[in-house]
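These notes are about the structure you will find just below.
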Amino acid sequence: MVLFELINPAPLTEAVKSREGNIYLYRAMWLIGWIPPKEGALRYVYLFWTCVPFAFGVFYLPVGFIISYVKEFKNFTPGEFLTSLQVCINVYGASVKSTITYLFLWRLRKTEQMLDTLDGRLQTESDRQKIHNMVARCNYAFLIYSFIYCGYAGSTFLSYALSGRPPWSVYNPFVDWRDGLGSLWLQSIFEYITMSFAVLQDQLSDTYPLMFTIIFRAHMDVLKDHVRSLRMDPDKSEADNYQDLVNCVIDHKIILRCCDMIRPMISRTIFVQFALIGSVLGLTLINVFFFSNFWKGVASFLFVITILLQTFPFCYTCNLLIDDGDDLANTIFQSNWVDAEPRYKATLVHFIHNAQQPIIFIAGGIFPISMSSNISVAKFAFSIITIVRQMNLAEKFQ
């Protein structure tokens, strides 16, 4: 299918840029109203559409949940309340993350301009093949996220609506779902559409860090191949070899500048998620273990997967990026430099020193973004479950 053609590597006969790894990402941004036309009357129509998802996903949902708790708290069953509360907390985080992502979209564009420079410095078909594979990998990952996020929203909508309750019980001043079957479905469909705005915005905020770190890793892999080939061509003069080394240093600096450009954006969005993941995951697991039937449990299980996808793949990729820096330093040291001229060796030492500085992203200036940090903040979920079990809270609320 044409829709899914980007999940397979393009042939080397086609010119592919690193930014094409974000094609599906940008299509979703266009759909949600984040990429307006640069000029023309349609720009103003599109900007109106931009306001619609923000109005419902960023402003209405957080307020609607709170009003619903104030007015309808006595009518909630424990399972319905936990389903609503776990999403409510995540909606507040998603509102902050999507706003940050939207405001910092210019950083993604600047990063892509630097990636275009790296693409122009590819030397061999092997280099190009790595970029082709990376582009397919990024688009494939985004589709997986889309299926899981949409699957959660759809399964929650159907499981609750078919059981006679609105899926998230968000306050609606115009419809009382208790007035009949038509009102129930009208409320449920309205909640599904509204939640879909928030889910897509949340997905965009969760996927861009993963997409760009995958791209950075691909260029680090290309750079390591270039380092391995230093001074391996007997036909090159020492001046040519030195220029090859300088080109490698420049490539490394461009990769570091790409990371620096996107770092403030990642720092803010991942910090928000780190702050929420433990409580949201804990409430969801309690709902699954104690208050869900089969179909509601499926919906909650998909929600658990979406929560884990918000940080774990990116944190794992950050660990791999740190390892790539170590591998690059070792590759530089193991290159063919022993009989090189003094100028070459001095530059090589400087290159090794810079390569040994790990590429680390810091969440909110507090938590290093890594698997260990992610596991540490996620452990709070099991603390919540332990408290519920020891105090028999689940039985008291049933």
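Values reported hereafter were calculated over all heavy atoms of this structure, with side chains retained and with hydrogens, waters and symmetry mates removed.
Under the 3.5 Å distance criterion, the side-chain polar atoms of S267 are left unmatched by any main-chain donor or acceptor of A363. Judged by distance alone, the side chain of T156 and the main-chain N or O of P167 form no donor-acceptor pair under 3.5 Å. Using a distance-only test at 3.5 Å, with no hydrogens or angles considered, no donor-acceptor pair links the side chain of R165 to the main chain of A161. For the pair N139 (side chain) and V135 (backbone), a donor-acceptor distance under 3.5 Å is present. Of the possible donor and acceptor atoms, one in the side chain of H132 sits under 3.5 Å from a partner among the backbone N and O of A10. Within the 3.5 Å criterion, the main-chain N or O of A340 finds no donor-acceptor partner in the side chain of E238. Formation of a donor-acceptor pair under 3.5 Å by the R128 side chain with backbone atoms of L12 is found in this model. In this structure, N374 contributes its side chain and C315 its backbone to no donor-acceptor pair below 3.5 Å. Judged purely by atom type and a 3.5 angstrom limit, R107 has no side-chain atom pairing as donor or acceptor with the backbone of I262.
Two different hydrophobic clusters hold L61 and V63 under the rule that ILVMFWY side chains link at heavy-atom gaps under 4.5 Å. Under the 4.5 Å side-chain heavy-atom criterion for Ile, Leu, Val, Met, Phe, Trp and Tyr, M211 and L320 are members of the same hydrophobic cluster. By the rule that hydrophobic residues join a cluster once side-chain heavy atoms approach within less than 4.5 Å of another member, I375 and I322 end up as members of separate clusters. Residue L47 is not grouped with residue W49 when hydrophobic side chains (ILVMFWY) are merged at heavy-atom distances under 4.5 angstrom, including chains of intermediate members. There is no path of hydrophobic side-chain contacts, each under 4.5 Å, that joins I360 to I366.
Side-chain contact between V349 and F333 is absent, with no heavy-atom pair separated by less than 4.5 Å. Counting heavy atoms from C-beta outward, V222 and Q123 have side chains that stay 4.5 Å or more apart. The side-chain heavy atoms of F351 and L245, taken from C-beta on, include a pair separated by under 4.5 Å. Looking only at side-chain heavy atoms (C-beta outward), I215 and S18 come within less than 4.5 Å of each other. In this structure, the side chains of I266 and F212 stay at 4.5 Å or more apart for every pair of heavy atoms. Put simply, the side chain of L204 does not reach to within 4.5 Å of the side chain of Q201, judged on heavy atoms. Side-chain contact between S188 and Y160 is absent, with no heavy atoms from C-beta onward closer than 4.5 Å. Between H219 and D119 there is a side-chain heavy-atom pair separated by less than 4.5 Å.
A salt bridge links R263 with D260; the closest basic N to acidic carboxylate O contact falls under 4.0 Å. A salt bridge links K224 with D324: the distance from a Lys NZ or Arg NE/NH1/NH2 to an Asp or Glu carboxylate oxygen falls below 4.0 Å. We find that R109 and E112 are joined by a salt bridge, their nearest charged nitrogen and carboxylate oxygen being less than 4.0 Å apart. A salt bridge does not link D244 to R231: none of the charged side-chain nitrogens sits closer than 4.0 Å to a carboxylate oxygen. With respect to R228 and D225, a salt bridge is recorded, a charged nitrogen being found less than 4.0 Å from a carboxylate O. The existence of a salt bridge linking D206 and K97 is confirmed by a sub-4.0 Å separation between a basic side-chain nitrogen and an acidic carboxylate oxygen.
Y152 approaches S155 most closely through the heavy-atom pair O-OG, 3.0 Å. Heavy atoms only, all atoms of each residue included: G57 and S95 are closest at O-OG, 3.6 Å. Taking all atoms of both residues into account, the shortest heavy-atom contact from S183 to D176 is CB-O, 3.3 Å. T311 and I277 get closest at one heavy-atom pair: OG1-CD1, 3.4 Å. Residue D251 comes nearest to L118 through the heavy atom pair O-CD2, 3.8 Å, listed as atom of the first residue, atom of the second, then distance. Closest non-hydrogen pair, W30 versus I35, comes out as CD1-O, 3.7 Å.
Between the side chains of T269 and Y208, at least one donor N or O lies within less than 3.5 Å of an accepting N or O. There is a side-chain donor-acceptor pair under 3.5 Å between T347 and Y242. Q129 and E125 share no side-chain donor-acceptor pair at under 3.5 Å. Under 3.5 Å, the side chains of N330 and Q334 contain no donor-acceptor pair of N or O atoms.
In this structure, CG on D327 lies 6.5 Å from CG on D323, to the nearest 0.5 angstrom. Rounding to the nearest 0.5 Å gives a distance of 12.0 Å between CD1 of I255 and OG1 of T117. F157 contributes atom CZ, which lies 8.0 Å from atom CH2 of W168 (distance to the nearest 0.5 angstrom). The distance from atom CD of Q203 to atom OG of S98, rounded to the nearest 0.5 Å, is 12.5 Å. With rounding to the nearest 0.5 angstrom, the OH atom of Y102 is 9.0 Å from the CH2 atom of W34. To the nearest 0.5 Å, atoms CE (M114) and CG (L256) are separated by 10.5 Å.
Between F190 and Y60, the ring-plane angle classifies as perpendicular under the 30° and 60° cut-offs. Between F142 and Y24, the ring-plane angle classifies as tilted under the 30° and 60° cut-offs. Using cut-offs of 30° and 60° for the angle between ring planes, the F56 and F197 rings count as tilted.
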(message) Please evaluate residues Q310 and D202 with respect to the criterion side chain to side chain donor-acceptor pair (under 3.5 Å), reporting the C-alpha separation (whole Å), side-chain torsions for both, the decisive distance (0.1 Å), and the verdict.
(response) CA-CA 9 Å; Q310 288 178 343; D202 196 27; 2.7 Å; yes
(request) Start with the C-alpha gap between R217 and T317, add the side-chain angles, then the distance that decides, and say whether side chain to side chain contact (heavy atoms under 4.5 Å, CB included) holds. (result) CA-CA 9 Å; R217 290 200 65 230; T317 309; 3.9 Å; yes
(request) Take N90 and Q86 through the test side chain to side chain donor-acceptor pair (under 3.5 Å) and record every step on the way to the result. (result) CA-CA 6 Å; N90 200 57; Q86 71 197 24; over 6 Å; no
(request) For the pair T124 and S126, evaluate side chain to side chain donor-acceptor pair (under 3.5 Å) and give the outcome as yes or no after the intermediate values. (result) CA-CA 5 Å; T124 65; S126 175; 4.6 Å; no
(request) Mind running side chain to side chain donor-acceptor pair (under 3.5 Å) on T101 and S205 for me, showing each step along the way? (result) CA-CA 6 Å; T101 305; S205 302; 3.1 Å; yes
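F104 CZ: more than 12 foreign heavy atoms inside a 6.0 Å radius. Remark: K110 NZ is loosely packed, at most 12 non-hydrogen atoms of other residues, nucleotides or ligands lying under 6.0 Å away. More than 12 heavy atoms of other residues, nucleotides or ligands shown are found within 6.0 angstrom of CD on Q357. Few gaps surround CH2 on W185; more than 12 heavy atoms of other groups in view lie less than 6.0 Å from it.
You'll find the ring centres of Y145 and Y140 outside the 6.0 Å limit. When ring centroids are compared, F65 and Y92 stay outside the 6.0 Å threshold.
Checking V45, T50, V52 one by one against F48, the side-chain contact (heavy atoms from CB on, under 4.5 Å) holds for a single residue, V52.
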